[in-house]
2 protein chains.
Amino acid sequence: MNSGQASKATGVSQRMIRHYEAIGLMPPPDRRDNGYRDYPPRSVERLRFIANARDLGFSLDEISALLELWDDRARASSEVKAIALEHAEDLARKSAALEAMRRTLLELVDGCSGDARPDCPILEGLAEPRKRPERDLTECAGKPKAET
Amino acid sequence: MNSGQASKATGVSQRMIRHYEAIGLMPPPDRRDNGYRDYPPRSVERLRFIANARDLGFSLDEISALLELWDDRARASSEVKAIALEHAEDLARKSAALEAMRRTLLELVDGCSGDARPDCPILEGLAEPRKRPERDLTECAGKPKAET
DNA sequence: CTTGACCATGACATTATGTCAAGGTTGATG
DNA sequence: CATCAACCTTGACATAATGTCATGGTCAAG
């Protein structure tokens, strides 16, 4: 199976397939005489693994660790479970951080009449000194979708 | 007030102050004879505005729009409120997406014994084909903190 | 043989921020 | 005055994950 087919089969773009190969997440596949990559079924499975893990919000670093465990037939399932549980907590923390931002924002919104007049407590509130959060779990809220 | 003092007063790093200037979020300040930046109080307030807005998860693009409204003494507060409310919804959607990931992950975790044996439904589940989500609000879960 | 659909590689862009380097300034101390 | 530390300046490079574009080779059908 070549890279285009593997891409369709797994939903991972060809660009990303090559990227995963470049950073060592995917083993370099055999090449056919024309230079085309040729993926065995196990590699396709591996790509799916990566795709699913990303969909669950694992970073490529975490995925790398999971793949090592996947490759290791002797690993204890407790190791995997520990990583998964930690990640689940991470998700919960991030979600809570977003919710906290939302609450704070809605508090500001609450004071704003939202009519044609120019007075706006939202803008005033933003310009005021205020307790800044710890900046540790909040780095994911404002990232635009790079949809250009 | 020079850039170091402004940085301390607002919590925005000097690096970022200059960046905001480079991308047009901050007006180029006057320079003293030695070339040092000299910020008037209004600029310090503006930096605080940016910092607070970022803490609430606004992207620099959104902040740019908010700053325009801030500069415009005649704008209607409804404009501001609309942006804020839309962003609050965005936060809610992202938070919900993280929660959904977490639920799915915990489902996988649930089937895993987590003991010394190697069988692991988590890894097996990750390798299986599964319905991939829409990839539209989920791009914020796995970003590591760049703490290197 | 040509056209179109693939594939390959490499380079550049994105977002927000850090870090490092090399050099000018300033103020204080010996 | 010499010097040293603490500042400021600019510019360059790096991060994570992904898209996009350019340039060129390959293959299959007409």
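Predicted model only: the values in this text are computed from it and were never measured. Every chain is numbered from 1, with letters handed out A, B, ... down the list of sequences.
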Carefully, step by step, assess B:R32 and B:N2 under the rule side-chain contact (heavy atoms from CB on, under 4.5 Å). CA-CA 9 Å; B:R32 286 203 289 254; B:N2 67 25; 3.8 Å; yes
Is any N or O donor-acceptor pair between the side chain of B:R18 and the base of D:dT9 shorter than 3.5 Å?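 No.
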Quick one: is [N] close enough that its OP1 or OP2 comes under 4.0 Å of any side-chain N or O from [X]?
X: B:S3; N: D:dT9; value: yes
X: A:Y20; N: D:dT18; value: yes
X: A:S13; N: D:dG19; value: yes
X: A:R54; N: D:dT18; value: yes

Please report the C-alpha distance between A:L69 and A:I83 in whole Å, then the side-chain angles of each, then the deciding distance to 0.1 Å, and finally whether the side-chain contact (heavy atoms from CB on, under 4.5 Å) criterion is met. CA-CA 11 Å; A:L69 295 178; A:I83 293 181; 3.8 Å; yes
For atom [atom1] of [X] and atom [atom2] of [N], their distance in whole Å:
X: A:L60; N: D:dA16; atom1: CG; atom2: P; result: 9 Å
X: B:H19; N: C:dG18; atom1: NE2; atom2: C1'; result: 12 Å
X: B:E62; N: C:dT15; atom1: CD; atom2: C1'; result: 13 Å
X: B:I63; N: C:dA16; atom1: CD1; atom2: C1'; result: 11 Å
X: B:Q14; N: C:dT19; atom1: CD; atom2: P; result: 13 Å
X: A:M1; N: C:dC6; atom1: CE; atom2: P; result: 16 Å
X: B:R15; N: C:dA21; atom1: CZ; atom2: C1'; result: 14 Å
X: A:I17; N: C:dA8; atom1: CD1; atom2: C1'; result: 13 Å

Can you classify the ring geometry of B:W70 versus B:F49 as parallel (below 30°), tilted (30 to 60°) or perpendicular (above 60°)?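 If you compare the ring of B:W70 with that of B:F49, the planes turn out tilted.
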Are any side-chain N or O atoms of [X] and backbone N or O atoms of [Y], one a donor and one an acceptor, separated by less than 3.5 Å?
X: A:K81; Y: B:C112; result: yes
X: A:H87; Y: A:L56; result: yes
X: B:R48; Y: A:R130; result: no

Side-chain touch A:R37/A:R18, heavy atoms, less than 4.5 angstrom: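 The answer is yes; the side chains approach within 4.5 Å.
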Is any side-chain N of the basic residue among A:R102 and A:E99 closer than 4.0 Å to the acidic one's carboxylate O?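 Answer for the salt bridge query: yes.
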Using a cut-off of strictly less than 4.0 Å between a heavy atom of the residue and any atom of DNA chain C, enumerate the qualifying residues of residues 21-44 of chain A by number.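 DNA chain C contact set from residues 21-44 of chain A: A:R31, A:G35, A:Y36, A:R37.
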So, for A:S3 and A:I17, which heavy atoms are closest and what is the spacing to 0.1 Å?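 Here A:S3 and A:I17 meet closest at O-CD1, 3.8 Å.
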Between the first and last five pairs of the helix from C:dC1-D:dG30 to C:dG30-D:dC1, the angle of the axes, rounded to 10 degrees: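 Angle reported: 30°, given to the nearest ten degrees.
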Could you write out each protein N or O paired with an N or O of nucleotides 1-5 of chain D at a distance under 3.5 Å?
none

Please report the C-alpha distance between A:L106 and B:L85 in whole Å, then the side-chain angles of each, then the deciding distance to 0.1 Å, and finally whether the side-chain contact (heavy atoms from CB on, under 4.5 Å) criterion is met. CA-CA 8 Å; A:L106 288 180; B:L85 280 175; 4.1 Å; yes
With a 3.5 Å cut-off and no angle check, do the side chains of B:Q14 and B:S7 form a donor-acceptor pair?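 Result is no, nothing qualifies.
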For A:R46, which of A:L25, A:T10, A:L67 qualifies under side chain to side chain contact (heavy atoms under 4.5 Å, CB included)?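 Testing each of A:L25, A:T10, A:L67 against A:R46, the sole residue satisfying side chain to side chain contact (heavy atoms under 4.5 Å, CB included) is A:L67.
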For the side chain of A:N2, starting at C-beta, report the closest nucleotide among C:dA16, C:dG18, C:dC7.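 Output: C:dC7.
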